[in-house]
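In what follows, residues are counted from 1 in the order of the sequence shown.
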Amino acid sequence: VLYLDRENPAGVVAERLNRLCMATGPDLKFWGLWNDQEPCSPAGAAVLTWAAKNPGALVVVDSALSFLDGDENSASDVKQFCGDLRRLTALGATVLTLHHSSEKSAAGSKYRGSSYWKGGVDVAFHMVSSNPARLERVELEPFKARVTVDRLSLRFDADSGEFRNLEGETQTERLRE
């Protein structure tokens, strides 16, 4: 996993990893603003080279807006960005891009900006937390799928760092795979 982060300081990432009982290492690399060199674009040479050397890897982009070179409301800018991400998938990587929903939309839009955000991806989920003050239970609701996906409901136990499905079965190891 290569996690590209232009959003969070090192302390926040360390706290989240601790809460999830995870550590960085050969299978989990973070490239954030705290590193000597700022994370390049997901289509940058360093990321493309890493993806080519690690087929089947996961690249996380946190967040889309922080890596977008343009306007999130512009279909052409978003199309270019999604095309850049598609280059990673052509190398065999899976790309997970975090993008925020619109807080101003009365309709409760699942994403903000250009409609191309939905058109340019293979699968899109809207994440809903049962408690905005503390990560306890999250539900991932698919709203775009070029492949079949089911609603995924997980409960996160912040004390144990475990993810469980609604039936109480541990899902943590499955998610780490």
Side-chain angles (χ1 to χ4, degrees), residues 1-10 12-13 16-17 20 22 24 27-35 37-105 108-129 135 138-154 156 163 175-177:
V1 176
L2 176 61
Y3 198 108
L4 303 173
D5 191 339
R6 286 186 182 167
E7 290 277 314
N8 302 295
V12 169
V13 172
R16 289 178 181 167
L17 288 171
L20 295 170
M22 297 174 72
T24 58
D27 295 329
L28 177 60
K29 299 181 182 302
F30 277 82
W31 188 2
L33 294 173
W34 59 89
N35 294 108
Q37 184 180 357
E38 180 175 315
C40 69
S41 158
V47 176
L48 293 172
T49 300
W50 183 88
K53 290 180 180 177
N54 296 280
L58 172 65
V59 177
V60 179
V61 179
D62 188 0
S63 74
L65 186 58
S66 66
F67 285 93
L68 175 67
D69 186 22
D71 179 0
E72 71 177 354
N73 295 301
S74 164
S76 60
D77 290 349
V78 173
K79 182 177 181 180
Q80 175 66 47
F81 180 73
C82 290
D84 290 346
L85 299 177
R86 186 70 58 197
R87 292 175 64 194
L88 286 168
T89 64
L91 293 170
T94 297
V95 180
L96 173 67
T97 305
L98 305 180
H99 184 59
H100 300 282
S101 58
S102 176
E103 295 176 9
K104 296 179 182 178
S105 170
S109 177
K110 308 258 191 262
Y111 59 93
R112 67 182 191 205
S114 168
S115 61
Y116 198 85
W117 284 112
K118 184 176 179 183
V121 301
D122 292 331
V123 178
F125 290 91
H126 184 242
M127 185 176 85
V128 180
S129 176
L135 182 59
V138 294
E139 289 191 26
L140 299 176
E141 174 190 348
F143 65 92
K144 158 70 184 288
R146 287 195 176 124
V147 295
T148 302
V149 284
D150 296 322
R151 183 181 187 97
L152 177 60
S153 295
L154 297 173
F156 177 70
F163 285 94
L175 291 170
R176 288 183 181 158
E177 293 173 359

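For the pair R6 and S66, the tightest heavy-atom approach, listed with the atom from each and the gap, is NH1-O, 2.9 Å. Shortest non-hydrogen contact noted between D77 and D71 is OD2-N, 2.8 Å. For the pair F30 and N35, the tightest heavy-atom approach, listed with the atom from each and the gap, is O-OD1, 3.7 Å. Pairing each heavy atom of P42 with each of L4, the nearest pair is CA-CD1, 4.0 Å. A pairwise comparison of heavy atoms in A75 and S114 identifies CA-OG, 3.3 Å as the closest pair. Scanning both residues, K29 and W50, for their nearest heavy atoms gives CD-NE1, 4.1 Å.
Contact annotation: the side chain of R87 never approaches that of L91 to less than 4.5 Å [non-hydrogen atoms, C-beta and beyond]. Residues P39 and L33 meet the side-chain proximity criterion, which asks for heavy atoms closer than 4.5 Å. Put simply, the side chain of T24 does not reach to within 4.5 Å of the side chain of V13, judged on heavy atoms.
D27 is linked by a side chain to side chain contact (heavy atoms under 4.5 Å, CB included) to nothing, counting only residues two or more places apart in sequence or in another chain. Remark: L58 engages V1, V60, T94, L96 in a side chain to side chain contact (heavy atoms under 4.5 Å, CB included) (not counting sequence neighbours).
In this structure, E7 CD and H100 NE2 are separated by 5.0 Å, a value rounded to the nearest 0.5 Å. The distance from atom CH2 of W117 to atom CD of E72, rounded to the nearest 0.5 Å, is 7.0 Å. Considering CG of D62 and CG of L65, their distance stands at 11.0 Å, rounded to 0.5 Å. Rounding to the nearest 0.5 Å places CG of L2 at 8.5 Å from CG of N54. Within the model, atoms CG of D84 and OG of S41 stand 5.0 Å from one another, a figure rounded to the nearest 0.5 Å. If you take CG on L98 and OH on Y3, they are separated by 5.0 Å, rounding to the nearest 0.5 Å.
Panel note: side chain W34, backbone N8; no donor-acceptor pair is recorded below 3.5 Å. Remark: side-chain polar atoms of W31 are not paired, donor with acceptor, to backbone N or O of C40 under 3.5 angstrom. Side-chain atoms of K144 come within 3.5 Å of backbone N or O of K118 as a donor-acceptor pair.
Between Y111 and H99, the ring planes are tilted. Angles from 30° to 60° get that label.
When each of S76, C82, S74 is paired with Y116, the side chain to side chain contact (heavy atoms under 4.5 Å, CB included) condition holds for C82 and for no other.
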Walk me through it: do L28 and L17 pass the test side chain to side chain contact (heavy atoms under 4.5 Å, CB included)? CA-CA 11 Å; L28 177 60; L17 288 171; 3.9 Å; yes
